[in-house]
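All remarks here apply to the structure that follows.
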Number of protein chains: 2
Amino acid sequence: MSATPLFRRIDVAPAYQKVADAIEREIVNGRIKPGEPIGTEQQLVAQFGVNRSTVREGIRVLEEGGLICRDSSRRLQACLPRYNKLATRLSRALILHEVTFRELFETSMTLEVASVEGAVERATDENIADLAGNLERSAAVVGNPADLAELDAEFHVLMAKASQNRVLQLAREPAAQLFFPTTEMIVGGVPEGGARLVEAHRHILDAITRRDKEAGVLWTRRHLQDWRRGFEKIASLDRSVEHTYMEHAYAARQ
Amino acid sequence: MSATPLFRRIDVAPAYQKVADAIEREIVNGRIKPGEPIGTEQQLVAQFGVNRSTVREGIRVLEEGGLICRDSSRRLQACLPRYNKLATRLSRALILHEVTFRELFETSMTLEVASVEGAVERATDENIADLAGNLERSAAVVGNPADLAELDAEFHVLMAKASQNRVLQLAREPAAQLFFPTTEMIVGGVPEGGARLVEAHRHILDAITRRDKEAGVLWTRRHLQDWRRGFEKIASLDRSVEHTYMEHAYAARQ
DNA sequence: CTTATCGGTTTGTCCGACAAAGCTAGATTT
DNA sequence: AAATCTAGCTTTGTCGGACAAACCGATAAG
């Protein structure tokens, strides 16, 4: 696979990249822990011996990557990258690749089933309480598609949290960000759609509480199949996500 | 969920962020297509009416996000974000969150099974030829853990490609980047490990070719269970990924 | 037809500067 | 004395200008 080269690969990375890499190393290696300050721009200028503009370009890179962030007073500090923020980038990439709803549906089915299985096995009392709270709020807005869609997305996030599996939480996030925004137009377009959604959530939560994996999986599948049927009424599964958004939600929002 | 506010949210984002957002909008909306030039920094300075340093900070943000890249002569252009690059960020985030191998294993099992199911259903002749080529090369280096680990990772990427599901490809990538680097130490640590790995790949490819979903899933599960058993010989599943890396691969490399 | 050379562009980096916002600590008020 | 206010210092965000190195295109030389 690899021949040993005569010369080491010459390093021609621009200075701002080296600045970013140097800071990244310190964070990933744990020498700077999340929450600890990176130092002021002036200090970084002194330490790296480059201009402040160069330092700032390096900072932008790390900031976008989620490795550093700013505290209340805009000072730099290391931070734990938020899945959510990073997932947004991935979702955007998916849109640009013109993925279809069929791909999205298939993968979401896999991940949500895995999610409910984990939740049935390992949900804590607190997880269950959170889900119950969400269910209660959902029942109160069953006639309002916009609010219900938001709570539906939250329900599934809580379910993934209840699985106690952070890798799973991460893996499902990009798909969820594309998947669940469509809930609004589907719930709004199908009579009794809201009621069915809340009913499904109720059964799922019940299954999690009773540690009944079979029921949990069954109702999760039904829940997603409902979504799929609703979707097929308004668009083709084989069209790109972006295209369908353009014609529905997006047009209405702007 | 939302009251209609009297005033529109006042916009206080820094200029470099606005520059980045403006360019991002053009790309995501499709007005600038992947491969098309963004323009020189000087042109952006003129269009946005801000300083070049500000423009450059905005460019760094987009570059890191994978939305723009540079052609051979360092000129800016829109590009299709590569899953791989973005997945690297997510993998890094997972390390910082100190995820355990148990989480990684559980999720990988889910995703690889989904992957093989998709491949059995939809693999093209070209996909199968690629997998066969990989298998052949693997068989040739069965005694070399480093090369074999690399080919194993490639095999699973090819399998995900064969599923024809880009969302799935994306979802499995971050986990794969953490999961498969361990293959080297596992294959190296277990006698006959290399042979078992190649054998499993052979059965999986055979199942894909025969469109036998049951066999494909069975051998994929066995393949991953092998990995898990090998892993348990050298570390605990409940330790963090980062911690284990530190003691094995990482120490050897530097 | 290939090679060499030469401006013109563009990027990467640097310097110096300034307004706005936050923080600090001393001064002022109650 | 405690709370409050204010003035100064620090830090960030932005700006203008500058220059070397790399790159492009075109022209000149072999």
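Given the structure is predicted, the values throughout are model-derived calculations rather than measurements.
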For this session: Take Ser138(B) and Asp152(B) through the side-chain hydrogen bond (donor to acceptor under 3.5 Å, both in side chains) test and state the conclusion after the steps.
Result: CA-CA 8 Å; Ser138(B) 298; Asp152(B) 177 63; over 6 Å; no

To the nearest Å, how far apart are [X] [atom1] and [N] [atom2]?
X: Gln42(A); N: dC15(C); atom1: CD; atom2: C1'; value: 12 Å
X: Gln43(B); N: dT11(C); atom1: CD; atom2: C1'; value: 14 Å
X: Glu63(A); N: dT12(D); atom1: CD; atom2: P; value: 11 Å
X: Arg60(B); N: dG13(D); atom1: CZ; atom2: C1'; value: 17 Å
X: Glu57(A); N: dT12(D); atom1: CD; atom2: P; value: 16 Å
X: Tyr16(B); N: dC15(D); atom1: OH; atom2: P; value: 13 Å
X: Leu44(A); N: dT11(D); atom1: CG; atom2: C1'; value: 12 Å
X: Asp71(A); N: dG22(C); atom1: CG; atom2: C1'; value: 10 Å

Exercise. Does atom CG of Asp125(B) have more than 12 heavy-atom neighbours from other groups under 6.0 Å away?
Worked result: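 Not buried by this count: 12 neighbours or fewer within 6.0 Å.
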
Compare side-chain N and O positions of [X] against OP1 and OP2 of [N] and report whether any pair is under 4.0 Å apart.
X: Arg74(A); N: dG13(D); answer: yes
X: Arg70(A); N: dG13(D); answer: yes
X: Ser53(A); N: dC15(C); answer: no
X: Asn51(A); N: dC15(C); answer: yes
X: Arg75(A); N: dA21(C); answer: no

Exercise. Between Arg56(B) and Thr40(B), which is nearer to the 5' end of DNA chain C once each is assigned its nearest nucleotide?
Worked result: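 It is Thr40(B) whose nearest nucleotide is closer to the 5' end.
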
Problem set entry | Test side-chain contact (heavy atoms from CB on, under 4.5 Å) applied to Gln177(B) and Leu90(B), Ile95(B), Thr88(B), the passing residue |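 The single option meeting the side-chain contact (heavy atoms from CB on, under 4.5 Å) with Gln177(B) is Thr88(B).
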
Exercise. Under 6.0 Å between ring centres, would you say that holds for His97(B) and Tyr83(A)?
Worked result: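 That pair passes the under 6.0 Å test.
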
Exercise. With no angle test and no hydrogens, is the base of dG12(C) tied to the side chain of Arg52(B) by a donor-acceptor pair under 3.5 Å?
Worked result: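 Indeed, a donor on one side and an acceptor on the other fall under 3.5 Å apart.
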
Problem set entry | Quiz item: cation-pi between Arg60(A) and Tyr16(B), 6.0 Å / 45° |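 So Arg60(A) does make the cation-pi contact.
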
For this session: Select one nucleotide: of dT12(D), dT13(C), dC15(D), the one nearest the side-chain heavy atoms of Thr54(B).
Result: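 Shortest atom-to-atom distance from the side chain points to dC15(D).
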
